[in-house]
Amino acid sequence: MARRRLTRRTLLGTAAAGAAGAAVPRGAAAAGGEPRRLEADVVVVGAGLAGLTTARRLVQKGVTSVVVLEARDRVGGRTWTKPYGKAWVDVGGQWVKTKVTGYGPAQDRLTALAKEVGVKTFPSYYPADGQDVAYENGVRTTYPWQPTAELPPSPSLIDAATAIVKLDQMANEVGSQKPWEAGRAAEYDGQTFETWKQANTTTDYGRKILDLGAEAILACEPRDVSLLYLLFYIASGTTLENLISTPAGYQESRFVGGSQQVSKKVAKALGARVILSSAVTRISQRKDRVTVRSTRAIVTAKQAVVAIPPALTNHIFFEPQLPPLRAQLAQRFPMGSVIKVHAIYDRPFWRDDGLTGFTISDRGPCKVTWDNSPPSGSPGMLVSFFEGDDARHYSRSSPAERRRATLDCFARYFGRKAKSAIDYVELDWMKQAWSRGCYVGVMPPGVMLSYGRTLRPPVGRVHWAGTETATRGAGYMEGAVRSGERAAAQVAARL
Ligand SMILES: Cc1cc2nc3c(=O)[nH]c(=O)nc-3n(C[C@H](O)[C@H](O)[C@H](O)COP(=O)(O)OP(=O)(O)OC[C@H]3O[C@@H](n4cnc5c(N)ncnc54)[C@H](O)[C@@H]3O)c2cc1C
């Protein structure tokens, strides 16, 4: 079979093929056909934000012979924007923080990348004088935004707020670089967040708020996650308030036209380097090269970057096999459980009542909501998430049942008008073969302590990227971009 070296000329010469963000080299084998053989300096597995950032930064450093292999027929991975009339619906990741606040830093590498490729942001709808909705024990109240982690007022607010302050302090002590080396790592990794929550709250309200915190940032139940992993995750976002706040945290802004625009534009510039519908099944390392076999191409390269969630690396056959601890890490780092739901209305009617669209509720499946309308306010959109057990339960239901459950929740929070949605858009991320759950991998007890140190170091010529490997913004688009920049620097130094 003819071998062809991917030079700057051949690759950039076919860049126009990527005009729709679906860059495939001319003559690439059709899915199911014989894969073509290619040579490159670097092969990247996965065209999510992490893999695409890796490739972009390498090309910018002068390493232009790069191939990106993507299993899906689109780029963007856990970001996916569906056009909706003159607007759009982000069925995956969407929010971005553009400014530093008292809760912590901005997502500055993500915003820098978006700026480079010309994708603009706009602030989430959240008027300063608006009211949020709280729904607790069957009672609905409204309240103005509080600079106390945005918690609804309650006689036992102090219980939840005290626990959050403690978590922030412990996260600060653990840090995000080497949590397994923290002084109390063994104690923290020997328990779930559920165990800690039971011991450190005194009220039902406090416990419910902490449940919501774990569900909202990790899409899992508090019993699913190690306390040490949760502290690492908070540390990578600086404070829990930074992760959960809308006006002053990670939900501050959105991308005009949707978040997948960033990946699409990066892929377009990479052109024919990106090969879609090409799932990687085998990675073989020899002394002087690494060969990555996928549906449409077999790429021999000097270095490889695997930019997929660790749980999905279990579906790739490594030759020689990965070191035992790295292989076992992948077996012990499952994905969270989430279904993202949108109800669409002629107009955002809740704004007439002075509501921001934000809700905190103790009754699912939609326990948090936001106004997700486009900047024009037309159409009106409410977004929510079924997380943890709610997602697991409703994943077995029909879309019609999930729609009914969603609109029932919205009607409890915003009144009967919420039942008259003109449309409903959802995505069950557990059913996505190339994600198998979201938002992120979640470590149960014992994993960070015993296996955490294997997360980032390369194995021979194979390097790791992906938001799960980030030390800042881990689990978020920011972490994906940062991990790609780190991997690109690591690989460039080796070449
Ligand atoms: C519902 C939802 C809401 C979210 N909300 C936010 C938010 O508001 N803000 C935020 O910052 N983040 C959010 N996130 C998280 C954010 O989307 C992710 O952290 C980020 O997109 C991860 O990027 P990545 O490149 O690390 O991984 P991925 O996006 O998962 O990319 C990995 C890529 O590898 C591909 N792949 C997998 N296996 C193979 C294989 N064997 N061969 C070839 N390709 C393969 C996949 O198809 C995928 O394209 C959300 C995620 C979801 C799902």
Side-chain angles (χ1 to χ4, degrees), residues 101-104 126 130-174 188 191-252 336 356-370 384-385 387-390 409 412-413 442 475:
T101 63
Y103 288 158
Y126 202 89
Q131 297 274 314
D132 294 340
V133 172
Y135 190 87
E136 197 193 345
N137 291 326
V139 179
R140 174 191 183 274
T141 49
T142 61
Y143 63 101
W145 182 70
Q146 324 258 324
T148 47
E150 294 182 38
L151 305 180
S154 156
S156 31
L157 177 66
I158 190 81
D159 188 30
T162 308
I164 289 175
V165 169
K166 263 194 217 168
L167 285 169
D168 282 346
Q169 283 165 350
M170 290 155 66
N172 186 38
E173 180 196 305
V174 160
Y188 294 159
Q191 57 187 303
T192 61
F193 180 47
E194 174 70 23
T195 317
W196 185 88
K197 180 195 81 183
Q198 294 293 349
N200 288 276
T201 46
T202 52
T203 61
D204 258 8
Y205 174 86
R207 282 189 272 278
K208 280 179 194 162
I209 291 291
L210 293 196
D211 287 348
L212 259 179
E215 290 165 16
I217 63 175
L218 292 166
C220 72
E221 296 298 321
R223 65 172 184 274
D224 298 331
V225 61
S226 140
L227 176 62
L228 183 65
Y229 184 72
L230 180 90
L231 296 175
F232 147 79
Y233 201 78
I234 295 173
S236 93
T238 306
T239 61
L240 183 54
E241 294 89 326
N242 204 32
L243 299 183
I244 61 179
S245 175
T246 300
Y250 274 17
Q251 281 66 240
E252 172 223 281
T356 60
F358 181 73
T359 307
I360 289 194
S361 167
D362 64 356
R363 185 158 161 207
C366 300
K367 293 182 182 156
V368 277
T369 70
W370 285 265
S384 187
F385 304 88
E387 291 155 333
D389 278 350
D390 285 324
C409 287
R412 281 199 287 277
Y413 313 145
V442 176

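One finds a salt bridge joining Asp211 and Lys197 here, because a Lys/Arg side-chain nitrogen approaches an Asp/Glu carboxylate oxygen to under 4.0 Å. Classification of Lys367 and Glu215 as a salt-bridged pair holds, one side-chain N sitting under 4.0 Å from a carboxylate O. A salt bridge links Arg223 with Asp389: the distance from a Lys NZ or Arg NE/NH1/NH2 to an Asp or Glu carboxylate oxygen falls below 4.0 Å.
Leu212 pairs with exactly one of Asp362, Ile244, Ile360 by the side chain to side chain contact (heavy atoms under 4.5 Å, CB included) rule, that one being Ile360.
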Practice problem: Could you please spell out the steps behind the side-chain contact (heavy atoms from CB on, under 4.5 Å) verdict for Val165 and Gln169? | Solution: CA-CA 6 Å; Val165 169; Gln169 283 165 350; 3.9 Å; yes
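Residues Val174 and Leu228 have side chains in contact (heavy-atom distance under 4.5 Å, counting atoms from C-beta outward). The side-chain heavy atoms of Pro365 and Cys409, taken from C-beta on, include a pair separated by under 4.5 Å. Counting only heavy atoms from C-beta outward, the side chains of Asp224 and Tyr229 never approach each other to under 4.5 Å. Counting only heavy atoms from C-beta outward, the side chains of Tyr250 and Ser245 never approach each other to under 4.5 Å. Looking at heavy atoms from C-beta onward, Ile234 lies in side-chain contact with Leu230 at the 4.5 angstrom threshold. Side-chain contact between Leu210 and Asn200: absent, with no pair of heavy atoms (C-beta onward) separated by less than 4.5 Å. The shortest distance between side-chain heavy atoms of Tyr233 and Leu218 falls below 4.5 Å.
Separation of atoms CD (Glu136) and CG (Asp204) is listed at 8.5 Å; rounding is to 0.5 Å. Interatomic distance, Lys208 NZ to Asp159 CG, rounded to the nearest 0.5 Å: 12.5 Å. The structure places OG of Ser236 at 7.0 Å from CG of Leu243, a figure rounded to the nearest 0.5 Å. Once rounded to the nearest 0.5 Å, the distance linking CG of Leu167 with OG1 of Thr239 reads 11.0 Å. Going from atom OH of Tyr413 over to atom CZ of Arg363 covers 8.0 Å, rounded to the nearest 0.5 Å. The distance from atom OG1 of Thr201 to atom NZ of Lys166, rounded to the nearest 0.5 Å, is 9.0 Å.
Checked by atom type and distance alone, the side chain of Thr162 pairs as donor or acceptor with a backbone atom of Ile158 at under 3.5 Å. In this structure, the side chain of Thr101 engages the main chain of Ala248 through a donor-acceptor pair within 3.5 Å. Counting only distance, with no hydrogens or angles, the side chain of Glu241 and the backbone of Tyr103 share no donor-acceptor pair below 3.5 Å. Checked by atom type and distance alone, the side chain of Asn242 pairs as donor or acceptor with a backbone atom of Gly237 at under 3.5 Å. Judged by distance alone, with hydrogens and angles left aside, the side-chain atoms of Ser226 form no donor-acceptor pair with the main-chain N or O of Thr192 at under 3.5 Å.
When all heavy atoms are compared, the tightest approach of Leu227 to Tyr188 is CB-O, 3.3 Å. Contact record, Cys366 with Ser384: CB-OG, 3.1 Å, taken as the closest heavy-atom pair.
For the residue pair Glu194 and Gln198, a side-chain donor N or O sits within less than 3.5 Å of a side-chain acceptor on the partner. Using a 3.5 Å distance cut-off with no hydrogens or angles, the side chains of Thr359 and Tyr135 do not pair a donor with an acceptor. Between the side chains of Asn137 and Tyr205, no donor-acceptor pair of N or O atoms lies under 3.5 Å. Using modelled atom types and a 3.5 Å distance limit, the side chains of Thr246 and Gln251 yield no donor-acceptor pair.
Residues forming a salt bridge (Lys or Arg N to Asp or Glu O under 4.0 Å) with Arg140 (at least two apart in sequence, or on another chain): none.
Classification of the Phe193-Trp196 ring pair by plane angle, with boundaries at 30° and 60°, yields parallel.
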